[in-house]
Amino acid sequence: MSETQIEIESLGPITGIDPAEWDACACPEAGDGGRPNDPFTTHRFLSALEASGAVGPGTGWEPHHLVARQAGEIIAVAPLYAKGHSQGEYIFDHNWAHAYENAGGRYYPKLQMAVPFTPATGRRLLTRPGHEETGRAALLQGALQIAAQNRLSSVHITFCTEEEAAAGAEIGLLHRTSQQFHWTNAGYATFDNFLTSLSSRKRKNLRKERQAAQGFGGEIVQLTGADLQPRHWDAFWQFYQDTGARKWGQPYLTRAFFDIAHDTMADDMLLVLALREGQPVAGALNFIGRETLYGRYWGCVEDHPALHFELCYYQAIDYAIAHGMTRVEAGAQGEHKLARGYLPVPCHSLHWMADQGFRDAVARYLEAERAAVDEEIEVLTSYGPFRRTGTEDGP
């Protein structure tokens, strides 16, 4: 084999690769002992999903991770799954599936290059430094070849970076945009400093909301690393089950996931708990990236005014400011986040369809959808809570 030849392997479960080899592609920035840009494509996160049974046989998420080798060296990897449904993705293609199957096609299984249950933007085409272009091209080609050889309907690369989306569009993949609400740290020293950037009315509303939430009759604590204990996960599992049952019919994660994550990812997680008489009554789970805090799950066993906003949004802002982080990503959907300082931003995905007629129809749909998303982001941003430049605003 020449040094320029690249071999692609469909790995199956992530246990088939050494964690250091995977992470050398997934998070090379953490090679100095620091944090990865995000923890979601790390070997420890993906293996926790598999080892806990949240993905794998019977879940509709069958791992077929890609590995690209050049001259025997692993130069790129990608989290790849054969999907038997469209649950847990947050880039919705249910209407595509219905249309395809109504026309006599078989939409499932499809290939999904993604992090299961995780609507957080990050690299999906994971390459070692110096192999970005060749590694990315090899992974894209490998995924498309697997789909074609197995006569699968489609390939979907969701919550990829804008750079990856542009690279995929250049070779003919369909580019889709959606939106989320993120909070951006403009160099704030404190939460009160952040409040000064808001209009007077919004500032007063947030102060009242925080006061109401913090007066629920207990205390709010932030726990990470060694401060996390198994009993905290016992409580949070109750919260997560309740929210998951209401949102999705059943929770995506298993109880075992939290035990495994506790053992392997305690430093990657921030658990915010509301305690009343020492007992957790509500909680929000975040994952900690290099510069971004990712809000993921929330739940409660008692209802208290504004406690959801406090634990999920304001405590996250507090943590980000205190730790010099640049952004808080608060998960999918939720225009209620706008009034709390989280502004709309675009998210990106790539799609390939085997059937040309179906592909052309989806392409027309996506062109109109992109224009609508751009307009919605512009309109929502104009309704944001921040002071207008050049205006005077009271305390």
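Note that these values count all heavy atoms, side chains included, but never hydrogens, waters or copies made by symmetry.
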Side-chain donor-acceptor pair under 3.5 Å between [X] and [Y], yes or no?
{"X": "Tyr100", "Y": "Asp355", "result": "no"}
{"X": "Glu376", "Y": "Gln179", "result": "yes"}
{"X": "Thr158", "Y": "Gln112", "result": "yes"}
{"X": "Thr292", "Y": "Arg327", "result": "yes"}
{"X": "Thr184", "Y": "His182", "result": "no"}
{"X": "Glu163", "Y": "His348", "result": "no"}

Quick one: does [X]'s side chain have a donor or acceptor within less than 3.5 Å of a partner on [Y]'s backbone?
{"X": "Ser199", "Y": "Arg387", "answer": "no"}
{"X": "Arg128", "Y": "Ile74", "answer": "yes"}
{"X": "Asn286", "Y": "Ala316", "answer": "no"}
{"X": "Arg44", "Y": "Pro39", "answer": "no"}
{"X": "Asn185", "Y": "Gly187", "answer": "yes"}
{"X": "Arg290", "Y": "Arg35", "answer": "yes"}
{"X": "Arg176", "Y": "Ile91", "answer": "no"}
{"X": "Lys337", "Y": "Ala330", "answer": "yes"}
{"X": "His43", "Y": "Ile14", "answer": "yes"}
{"X": "His85", "Y": "Thr59", "answer": "yes"}

Kindly compute the distance separating [atom1] ([X]) from [atom2] ([Y]), expressed to the nearest 0.5 Å.
{"X": "Cys347", "Y": "Glu162", "atom1": "SG", "atom2": "CD", "value": "11.0 Å"}
{"X": "Leu174", "Y": "Leu350", "atom1": "CG", "atom2": "CG", "value": "8.5 Å"}
{"X": "Arg210", "Y": "Ile317", "atom1": "CZ", "atom2": "CD1", "value": "8.0 Å"}
{"X": "Asn95", "Y": "Asn102", "atom1": "CG", "atom2": "CG", "value": "10.5 Å"}
{"X": "Ile17", "Y": "Asp23", "atom1": "CD1", "atom2": "CG", "value": "9.0 Å"}
{"X": "Leu270", "Y": "Arg296", "atom1": "CG", "atom2": "CZ", "value": "14.0 Å"}

Considering only heavy atoms from C-beta outward, does the side chain of [X] approach that of [Y] to under 4.5 Å?
{"X": "Arg136", "Y": "His131", "result": "no"}
{"X": "Val281", "Y": "Phe216", "result": "yes"}
{"X": "Arg255", "Y": "Asp234", "result": "yes"}
{"X": "Asp93", "Y": "Ser86", "result": "yes"}
{"X": "Ile8", "Y": "Val67", "result": "no"}
{"X": "His262", "Y": "Leu228", "result": "yes"}
{"X": "Leu140", "Y": "Leu173", "result": "yes"}
{"X": "Val115", "Y": "Thr41", "result": "yes"}

Fill in: Set of residues satisfying ring pair (Phe, Tyr, Trp, His ring centres under 6.0 Å) with respect to Phe40, sequence neighbours excluded
Phe45, Phe287, Tyr294
Item to complete: Would you please name every residue forming a ring pair (Phe, Tyr, Trp, His ring centres under 6.0 Å) with Phe117, sequence neighbours left out?
Response: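 Once residues adjacent in sequence are excluded, the partners of Phe117 under the ring pair (Phe, Tyr, Trp, His ring centres under 6.0 Å) criterion are Trp61, Tyr252.
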Ignoring hydrogens, what is the shortest heavy-atom contact between [X] and [Y]? Give both atom names and the distance.
{"X": "Ile377", "Y": "Pro346", "answer": "CD1-N, 3.8 Å"}
{"X": "Thr161", "Y": "Thr121", "answer": "CA-CG2, 4.3 Å"}
{"X": "Thr381", "Y": "Pro344", "answer": "OG1-CG, 3.4 Å"}
{"X": "Ala320", "Y": "Val328", "answer": "CB-CG2, 3.7 Å"}

Ion pair [X]/[Y], N-O distance below 4.0 Å:
{"X": "Glu219", "Y": "Arg276", "answer": "no"}
{"X": "Arg124", "Y": "Glu164", "answer": "no"}
{"X": "Glu132", "Y": "Arg123", "answer": "no"}

Worksheet entry | Candidate pair His65 and Glu50, rule side-chain hydrogen bond (donor to acceptor under 3.5 Å, both in side chains), full reasoning | CA-CA 12 Å; His65 307 303; Glu50 294 183 21; 2.7 Å; yes
Worksheet item: So among Phe181, Phe386, Phe194, Tyr313, which one has a ring pair (Phe, Tyr, Trp, His ring centres under 6.0 Å) with Tyr342?
Response: Tyr313
Practice prompt. Report the residues that fulfil side chain to side chain donor-acceptor pair (under 3.5 Å) with Ser349, sequence neighbours left out, ordered by chain and then residue number.
Written response: His351
Worksheet item: What residues form a side chain to side chain donor-acceptor pair (under 3.5 Å) with Trp237, not counting sequence neighbours?
Response: Gln241
Item to complete: Quick one: list whatever passes side chain to side chain contact (heavy atoms under 4.5 Å, CB included) with His64, sequence neighbours left out.
Response: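 Ser10, Glu62, Ala82.
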Worksheet item: For Arg364, which residues count as a side chain to side chain contact (heavy atoms under 4.5 Å, CB included) partner, sequence neighbours excluded?
Response: Asp360, Ala361
ILVMFWY network linking [X] to [Y], side-chain heavy atoms under 4.5 angstrom:
{"X": "Leu223", "Y": "Leu311", "value": "yes"}
{"X": "Ile171", "Y": "Val155", "value": "yes"}
{"X": "Tyr107", "Y": "Leu366", "value": "yes"}
{"X": "Tyr365", "Y": "Ile157", "value": "no"}
{"X": "Tyr314", "Y": "Tyr297", "value": "yes"}

Item to complete: For the residue pair His308 and His336, categorise the inter-ring angle as parallel (less than 30°), tilted (30 to 60°) or perpendicular (more than 60°).
Response: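 Plane angle between 30° and 60°, so tilted.
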Is the number of heavy atoms from other residues, nucleotides or ligands under 6.0 Å of [X] [atom1] greater than 12?
{"X": "Glu73", "atom1": "CD", "answer": "yes"}
{"X": "Gln145", "atom1": "CD", "answer": "yes"}
{"X": "Asp32", "atom1": "CG", "answer": "yes"}
{"X": "Arg106", "atom1": "CZ", "answer": "no"}

Practice prompt. Please check if the distance between the ring centroids of Tyr319 and His323 is under 6.0 Å.
Written response: yes
Item to complete: Go through Val272 and Ile220 one step at a time and tell me if the side chain to side chain contact (heavy atoms under 4.5 Å, CB included) criterion holds.
Response: CA-CA 7 Å; Val272 182; Ile220 296 171; 3.8 Å; yes
Worksheet item: On the ring face of Phe309, is Arg340 found with NZ or CZ under 6.0 Å from the centre and within 45° of the axis?
Response: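 Yes, cation above the ring, under 6.0 Å and within 45°.
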